[in-house]
Amino acid sequence: MRVRYLPLLATMTVFAALFVTGGVFYKHFFTTLVLGHILADNAFIIIAAIGTTFVILSGGIDLSIGSMIGFVGVVMANLDAAGWHPLASAALMLAFGLAYGAFQGFVIDFCKVQPFIITLAGLFLLRGACFMVNIDSVPLRHPFVDAFADLYIPFPTGGFLTSSAMVMLAALAAAVVIAHFTRFGAKVYAIGGDPASAELMGVPARRTIVSVYALGGFYSALGGVIYALYTSSGYPLAGTGNELSAIAAVVLGGTLLSGGVGLVAGTLFGGMILGLISTLINFNGSLNSAWIMISGGALLFVFIVIQKLLVSSFGLGRAS
Amino acid sequence: MTSDQPPRVELVGISKAFAGVPALDRVDFTLHPGEVHALLGENGAGKSTLIKIMTGALAADAGEMRLDGRAVAVGSTAEARALGISTVYQEVNLVPTLSVARNVTLGREPRRFGLISWRAAREKARARLKRLSLEIDVERALGSFPVAVQQLVAIARALEEDSRVLVLDEPTASLDAQETRLLFRILRDLKAQGMAVVFISHFLDQVYEISDRISVLRNGRLVGSAATAALPQRELITLMLGRELERVEQRAAAAPKAAGAPVLAAEKLGRRRWIEPFDLVLRAGEAIGLAGLLGSGRTETAKLIFGAVRADSGRLTLDGAPLGHASPRRALRRGIAFCPEDRKAEGLVLDLSVRENILLALQTKRGWLRPLPRDEQRRLAEAMIEALGIATSDAEKPVGQLSGGNQQKVVLARALASKPRVLVLDEPTRGIDVGAHAEIVALVRRLCAEGLALLVASSELDEIVAVSDRVAVLRDRRIVGEIAGAEITRETIIELIAGG
């Protein structure tokens, strides 16, 4: 067993344990139906979190995700009202996400400033832009939206894999290939591990950083597209706080916030754990929904401590 | 190595200036296949500039480079690599979080159908490490291996299949004796395969152990090049330190003073890879000099005594009572003060005012819960400014705006404000002009006369000779001798450094 798979294993174990626990306490919990719902409900945030995984692996952070999700939905809804086909507006918004991410990456590398502050600016800018476009929720009425929602693959035991979950899995597969089987992916890990050394080893810092944030922007725009299609509306407050859930999903998935260590597949389980917690608490019915955030927070604490221990006992991090 | 074969690398008349200041002046350098050629010189002698020109990182202003007899122009590090010139820099410049295989192949991963084949990458890494007789698990994170192995992985990464020249910049700086032996065994293997190796190091014993030829640079000039066997250590050190600066300053008190009571004593104090265990006694009213070449362990000794770095063997006693675990805060509270070598990085907070900088150590000694009253602060700062003759318009000026000499005085003032009994100075006159230099030396002597126990580490022999009552001489991270009184001259110190 390789050390770098341990965090992923831990995440998967927690997911399985939570799922089984739910099954013990509640009837009809341990079913593919529930699993399918969790996948569908959290597809958009997992997609965005996959992009964030690259950003965090490179040693950065992206706070503009939630606003990007909201902005994409609002623009798509307005273009829908103007008669655009949702696929056309989605393509436009994906291009926008890519370009905006690249812009953030360029500023971060060109000015050598903390990604935190640049993407915080993005958070405000894009959220503000949402309200400039419109203040109310606008529905998407194009028949394609319903057709998309009706598309699903049934599971043998009554569950189903929705179209949004399918898009998420495809996005994940692409991300796994990019992260683990391309030279670009190898460079992202190198830059996140030690930027100075990586540069001396011939990794082009600017190109890599710009590409990483462009990828992050693309994935968060894709998350926004899926969210808009899933809710068939564009709402200027959509996605508020989602950047933090995405970061939580990445960290729960075993990726080190300091960069350089982690697996893209972990983010899927990280996001699923968050979804599973809220489903569990909803199933209970009598528990205050505040428990969703409390459990998420507690789990984060535990995971970060575990990661710290793993890092120091296996020398994964920098020897200080 | 036959003499009719053209040299592997020949540098002829290389000159290079930075902003008009010459860094290299018509330097010739010849490297033969199957040879380990040591390049020596103190800081700023031009070693790294020469290496950077050879490896394409810098362009020379004048001169020619020939490879196997053919003139070549190396415009970039990539071009140098393509010509078979591989370089490994001082620090291990690899990514500790990545696996060994990823580190070796980063940017050159073998691909199949556009995607990386990690199986092939692992094979490639194993093959390269095998050339260095290293068989390790290439899938483990690099950071989990000892530094020596990391150093070898760096060499494995640098060595292409067709590499003909290997440049090693201080490869043994962070290795211990056993790890160094491993590296040398591999260097000898490479040498036997015909590799030409440039070896930069300040460990003279290692230079004599591994090199076939030695070239010495000083102030950008080649001052000597000879077969190692034909160059005794004494001569080498004289070459490195130079003769033209020989103006022995008259010491103020040639007669040995009656030494005061021992204040701080180190017994078998040491730290692995840092400094060999040593004994040293500091007495009140006595100044001890730490002399040695660059990298001999001067700063290391000073930092261990102060407690900036924790020792892993031996103990320190203050007035006969052992000091527990070392830490700067504890040292300050017990009356030991330290002025570090690199005042910008370690000694001063440049954006804070003169007053705030002076009071830092004193506040640390008192503890943060008992802040000094503002008036008291100003009074103290002004007293110090006057006592040390710090040229500043007022106490509230940011330290970054003062000249080098005055900054150094602020460092001293800060140390003195806490009324220490022991003061450790590391390179107290580095980077300051001649006038300020003399002032600082006079100041050190005065402090000593007032009963302070002083430890002064310096790369300048004249300074050591001028201030010290006793001198501990260091070589290769070991104290190799102690001299006192009239014995303290440039000659005796050089003799000790040379091991004569």
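So you know, we letter chains A, B, ... as the sequences are listed, proteins then strands, and number each from 1. None of these values were measured; they are calculated from a predicted model.
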Distance col, row B:L106:CG vs A:K187:NZ, nearest 0.5 angstrom, shows 7.5 Å
The reported gap from CZ in A:R183 to CZ in B:R111 (rounded to nearest 0.5 angstrom) is 3.5 Å
Original post:
Would you say B:K16 has more than 12 foreign heavy atoms packed within less than 6.0 Å of its NZ?
Top reply: yes
A:D194 vs B:T97, test: side chain to side chain contact (heavy atoms under 4.5 Å, CB included). Steps then yes/no.
CA-CA 8 Å; A:D194 187 333; B:T97 52; over 6 Å; no
**Message:** Other residues, nucleotides and ligands only: do more than 12 of their heavy atoms fall within 6.0 Å of CZ on A:R206?
**Reply:** yes
| request: Could you tell me whether A:F103 atom CZ has more than 12 heavy atoms of other residues or ligands within 6.0 Å of it? | output: no
Of the listed A:T182, A:I191, A:V203, the one with the largest count of heavy-atom pairs under 4.5 Å with chain B is A:T182
Rounded to the nearest 0.5 Å, the CE atom of A:M201 sits from the OG1 atom of B:T105 at a distance of 8.5 Å
Step through the shown structure and confirm whether more than 12 heavy atoms of other residues, nucleotides or ligands are within 6.0 Å of CG on B:D162.
yes
*Test item: B:W118 side-chain N/O and A:F181 main-chain N/O as donor-acceptor pair under 3.5 Å*: no
Smallest heavy-atom separation, A:A186 atom then B:R102 atom, equals CA-NH1, 4.0 Å
- Task: Evaluate whether atom CD of B:E79 has more than 12 neighbouring non-hydrogen atoms of other residues, nucleotides or ligands under 6.0 angstrom away.
- Result: yes
